[in-house]
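Remember, it's a predicted structure, so these values are computed and weren't measured experimentally. Numbers here simply count residues along the sequence, with the first being 1.
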Amino acid sequence: MNIKMSDVAKAAGVSLATVGRVLHNNGYVSEDKRREIERIIKEMGYIPNRIAQGLKSSRSNIIGHLTLFNTNMQFKEISSAVNTAAASSGYHVLTLTSHMGLGEEEQQINDLIGHRVDGVIITSYHSISKDLIGRLIENHIPVVMIERTYDMPMVDRIVVNDRASSLGAVQHMLQKGHRRIGFIGSKLSHQVEEDRYAGYLDALSEAGITPHKEWMQVMPEYSIEAGRMAIDQLLRAGQPPTAIFMTSDIYACGVLQVLYERGLRVPDDLSLIGYDNTLSALLSPPITSVGLPFKEIGDHALQLLLQRMNDQAALSSTIGIDPFLMDRHTVREWTGD
């Protein structure tokens, strides 16, 4: 049976307007009457028609979230934080997750426009072009980008201070006495990867250390197999690193597999630091990792979107996010050469 708002009003002996004030928590209704109406709503199983409400208010109360599938769980954590922040402000989130190389970007943008979303958050989805983002702006749909971003008018951004956090992670190794510090990272095709690599180089340079090419492995992708291949090469070096900084926890999975197979222990034989603080907590041993404040990212993204909804012509805003080092003691004191 399709229960209507008028059925609730009739059962409660009140007007439609009074039921509306209870549903929207807007306007005065005595506490006793409010409780009675809420009881009747629950007993009758009335579900408000959100689509109809959105048409009346010209708002859908839906936020689109575009992201990529990621085995490292970083985007999952950001998605969860966005959902929590949106719910606290009365919004639902329509999340569309893509896999690289499938060419889904244009259809996803069209789907969000068709759903009349009130705004769109894009997390590290670098294959979405500026033209597609421009299509959202043309349809008066505010956009906030997280991590991999564009500098565009009327598009707000949340950027992670990857260079400084990578610098700090490697400095942690230096403070423990390590001088031969290896690097495992992805190809330098985007600013995120460039910044993490630059932070590694900055730390060595400040310590007066010239990095050896045999200490560095730049891999074509983020994967467990890439981590296995990288550590295999690093262990073959004439003077292998005593510590390794990895720009993703996913690499650590492969690295630990190879170390286990060869009877090497962390941190006794090799010190490790990962990045993202996601899978790192699940490994054996759990490893030190650079973590992102996911709740802070979600809160900032929602706040920027709400501000843009209220003033779409405002100048673009950029918020910098400072990661933290989650120390799980996988960098040992080093007193050797």
Side-chain angles (χ1 to χ4, degrees), residues 63-87 93-102 104 108 121-128 144-149 158-162 165-166 169 184-187 189-193 195-196 219-231 244-258 260 266 272-302 321-328 330:
I63 291 171
H65 186 197
L66 297 175
T67 186
L68 287 169
F69 174 77
N70 177 272
T71 54
N72 200 32
M73 299 197 307
Q74 175 183 325
F75 300 162
K76 169 186 171 295
E77 295 292 343
I78 292 176
S79 183
S80 178
V82 167
N83 290 350
T84 300
V93 180
L94 174 60
T95 301
L96 302 181
T97 303
S98 177
H99 291 73
M100 284 296 294
L102 296 185
E104 301 169 296
Q108 289 179 336
I121 295 171
I122 302 174
T123 296
S124 206
Y125 198 164
H126 52 77
S127 56
I128 293 181
V144 172
M145 302 188 74
I146 299 174
E147 195 184 37
R148 289 173 171 84
T149 68
I158 297 175
V159 297
V160 179
N161 296 329
D162 288 299
S165 56
S166 296
I184 300 176
S186 182
K187 58 185 177 182
S189 54
H190 299 283
Q191 192 66 46
V192 169
E193 286 71 30
D195 285 348
R196 294 180 188 183
M219 310 307 293
E221 62 180 2
Y222 292 104
S223 70
I224 294 174
E225 185 57 32
R228 291 181 60 89
M229 294 170 60
I231 189 60
I244 298 175
F245 169 62
M246 301 164 287
T247 63
S248 173
D249 282 354
I250 197 71
Y251 291 135
C253 297
V255 167
L256 285 174
Q257 288 177 3
V258 171
Y260 176 78
V266 174
L272 298 178
I273 292 181
Y275 208 106
D276 296 328
N277 194 39
T278 51
L279 298 174
S280 55
L282 308 177
L283 300 175
S284 182
I287 67 168
T288 298
S289 185
V290 176
L292 301 180
F294 295 119
K295 182 181 184 303
E296 181 180 337
I297 291 173
D299 289 344
H300 280 310
L302 197 280
I321 297 294
D322 293 319
F324 57 91
L325 188 68
M326 177 59 72
D327 189 359
R328 298 189 177 94
T330 52

Would you call [X] and [Y] a side-chain contact if the rule is heavy atoms closer than 4.5 Å?
X      : Y      : value
Ile250 : Ile224 : yes
Glu147 : Val192 : yes
Thr123 : Ser79  : no
Cys253 : Leu283 : yes
Leu272 : Leu256 : yes
Met219 : Thr247 : no
Thr67  : Ile78  : no
Thr95  : Asn83  : yes

For residues [X] and [Y], report the shortest heavy-atom separation together with the two atoms involved.
X      : Y      : answer
Thr330 : Pro285 : CG2-CG, 4.4 Å
Ser165 : Val290 : CB-CG1, 3.9 Å
Arg228 : Ile231 : O-CG2, 3.3 Å
Gly274 : Phe245 : O-CE1, 4.4 Å
Val160 : Pro323 : CG1-CG, 3.5 Å
Ser223 : Tyr251 : O-CD2, 3.7 Å

Given the options Arg328, Gln74, Glu77, Asn277 meets side-chain hydrogen bond (donor to acceptor under 3.5 Å, both in side chains) only with Arg328
Between the main-chain N or O of [Y] and the side-chain N or O of [X], is there a donor-acceptor pair closer than 3.5 Å?
X      : Y      : value
Ser80  : Lys76  : no
Ser186 : Tyr222 : no
Asp249 : Tyr275 : yes

Task: Check against side-chain contact (heavy atoms from CB on, under 4.5 Å), Phe294 and Thr278 - done: CA-CA 11 Å; Phe294 295 119; Thr278 51; 4.1 Å; yes
Applying salt bridge (Lys or Arg N to Asp or Glu O under 4.0 Å) to Glu193 and not counting sequence neighbours gives Arg148
By salt bridge (Lys or Arg N to Asp or Glu O under 4.0 Å), Asp162 pairs with (sequence neighbours left out) Arg196
Interatomic distance, CD1@Ile146 vs CD1@Ile297, rounded to 0.5 Å, equals 6.5 Å
Rounded to the nearest 0.5 angstrom, the CD1-CD1 distance for Ile244 and Ile287 is 10.5 Å
Residue set satisfying side chain to side chain contact (heavy atoms under 4.5 Å, CB included) with Gln108, at least two apart, ordered chain then number -> Leu66, Leu96, Ser98, Glu104, Tyr125
Open item on the list: Around atom OH of Tyr260, are there more than 12 heavy atoms from other residues, nucleotides or ligands closer than 6.0 Å?
Closed with: no
Take a 6.0 Å sphere around CE of Met73 and say whether it holds more than 12 heavy atoms from other residues, nucleotides or ligands. yes
Requested in this report: List the steps and the verdict of side-chain contact (heavy atoms from CB on, under 4.5 Å) for Lys295 and Thr84.
Outcome: CA-CA 8 Å; Lys295 182 181 184 303; Thr84 300; over 6 Å; no
